[in-house]
Visitor: 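Here it is, the structure in full.
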2 protein chains.
Amino acid sequence: METFLRSISALNDETRVLLLRFIDTNGECCVCDLQSSLDMIQSRLSRHLKILKDAGFLRVERKGTWAYYSIKTPLERYASETLQEIRVLPITLPPLKKSSDSGVCTL
Amino acid sequence: METFLRSISALNDETRVLLLRFIDTNGECCVCDLQSSLDMIQSRLSRHLKILKDAGFLRVERKGTWAYYSIKTPLERYASETLQEIRVLPITLPPLKKSSDSGVCTL
DNA sequence: TTACTATATCAACATATATTGATTTATATG
DNA sequence: CATATAAATCAATATATGTTGATATAGTAA
């Protein structure tokens, strides 16, 4: 029950569903790419990314001070079903704006 | 997004997951059967049953002053996947106590 | 070391949701 | 009609969660 509710409560927020869809669509993103693309402040993103990671939807890879978030693979069966559901939601995604390309965050 | 989040937020509560599992296991239940079986007060049950119904997990059939709740059929694909997930959660269900058998609620 | 950078965490506040007991509604019955 | 019953809704309160700006942490580089 605990694990199930952790998954569900991670999904129970429009910001996090958008994040999952965005990262699923665009692949691995660092936090500052998400900041520039989704127009969200860093503390807000950090919070939601942690919740999605703790619930088993995302993985993080750290390179120096940078943190790259991507969809965890493999996903649990139900998490995978959920991601499929999120893939077909009629969401208008903002385009990916890479502010990490130069190796320095261009914010 | 709206519909998806309505489903998710309906699931985001231990009481409602328990209700789904209980009704799925025991079949159609009236509110007072749930009161006696789950030891919950009526207003609390009424609230949660409404949320589950509005999210498309339950249906209601009214007979006189009684309301019988059961799992809606057919369920949407994702709702059905979710119910399967709930079926395998390690929950200890209390036994069904029918307080509606005599036609009068024996509370 | 010091300064800088990207991210994480914290504190304060606002909003959303759950619980309870009281009230209301709808239906049935005398 | 008046009364009773089952369920729904409401009002008050408590708890949980999201947002923001400030601060802390960890890594990098001078």
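Convention: sequence-line order gives letters A, B, ...; per-chain numbering from 1.
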Visitor: Rounded to whole angstrom units, what separation is found between the CD1 atom of I41(B) and the C1' atom of dA18(C)?
Guide: 11 Å
Visitor: Look at all strands and tell whether S9(B) reaches a base, only sugar-phosphate, or nothing, counting heavy atoms closer than 4.0 Å.
Guide: nothing
Visitor: Contact class for R47(A) vs. all strands (heavy atom < 4.0 Å): base, sugar-phosphate, or nothing?
Guide: base
Visitor: Starting at the 5' end of DNA chain D and moving along, which residue's nearest nucleotide shows up first, K63(A) or I51(A)?
Guide: I51(A)
Visitor: Hey, can you tell me if Y78(A) and F4(A) have their rings parallel, tilted or perpendicular (30° and 60° cut-offs)?
Guide: tilted
Visitor: Separation of L45(A) atom CG from dG21(D) atom C1', in whole Å?
Guide: 15 Å
Visitor: On DNA chain D, compare the nucleotides closest to N12(A) and G64(A); which residue's is nearer the 5' end?
Guide: N12(A)
Visitor: Do R59(B) and E28(B) come close enough that some side-chain heavy atom pair is under 4.5 Å?
Guide: yes
Visitor: Taking any heavy-atom pair under 4.0 Å as a contact, classify Y68(A): base, sugar-phosphate, or nothing.
Guide: nothing
Visitor: Given side chains that start at C-beta, do those of L107(B) and C32(B) come closer than 4.5 Å, heavy atoms only?
Guide: yes
Visitor: Any side-chain N or O of H48(B) below 4.0 angstrom from OP1/OP2 of dT17(C)?
Guide: no
Visitor: Closest-nucleotide mapping onto DNA chain C: is Q42(A) or R16(B) further toward the 5' terminus? I mean the 5' end.
Guide: Q42(A)
Visitor: Take atom CG of D39(B) and atom C1' of dT20(C), then tell me their distance rounded to the nearest Å.
Guide: 14 Å
Visitor: Where the side chain of Q35(A) is concerned, which of dT19(C), dA6(C), dT7(C) is the nearest nucleotide?
Guide: dT7(C)
Visitor: Atom CG of L5(B) and atom P of dA16(C): how far apart are they, to the nearest Å?
Guide: 14 Å
Visitor: Are any non-hydrogen side-chain atoms of L34(A) and I23(A) less than 4.5 angstrom apart?
Guide: yes
Visitor: Looking at dT9(C), dA8(D), dT20(C), which one has an atom nearest to any side-chain atom of S43(B)?
Guide: dT20(C)
Visitor: Would you call D24(B)-R87(B) a salt bridge at under 4.0 Å N-O?
Guide: yes
Visitor: Go nucleotide by nucleotide along DNA chain C from the 5' end; which of L49(A) and D13(B) gets its closest nucleotide reached first?
Guide: L49(A)
Visitor: Between atom CG in D33(B) and atom P in dA6(D), what is the gap in whole Å?
Guide: 11 Å
Visitor: Compare the minimum distances between each of dA7(D), dT20(D), dT7(C) and the side chain of S46(B), then state the nucleotide with the smallest one.
Guide: dA7(D)
Visitor: Would you indicate, yes or no, if dA6(C) has its OP1 or OP2 atom less than 4.0 angstrom from a side-chain nitrogen or oxygen of Y69(A)?
Guide: no
Visitor: Can you tell me the distance, in whole Å, between the CG atom of L19(A) and the C1' atom of dG18(D)?
Guide: 13 Å
Visitor: When the distance from NZ of K50(B) to C1' of dT9(D) is rounded to whole Å, what number comes out?
Guide: 10 Å
Visitor: Is the backbone of I86(B) close enough, under 3.5 Å, to the side chain of R21(B) for a donor and an acceptor to pair up by distance?
Guide: yes
Visitor: Under 4.0 Å from OP1 or OP2 of dT25(C): is there any side-chain N or O of T65(B) that close?
Guide: no
Visitor: Identify which nucleotide among dT27(C), dA8(C), dA8(D) has an atom closest to any side-chain atom of V31(B), counting heavy atoms from C-beta outward.
Guide: dA8(D)
Visitor: What is the distance, rounded to the nearest whole Å, between atom CD1 of I8(B) and atom P of dA16(C)?
Guide: 19 Å
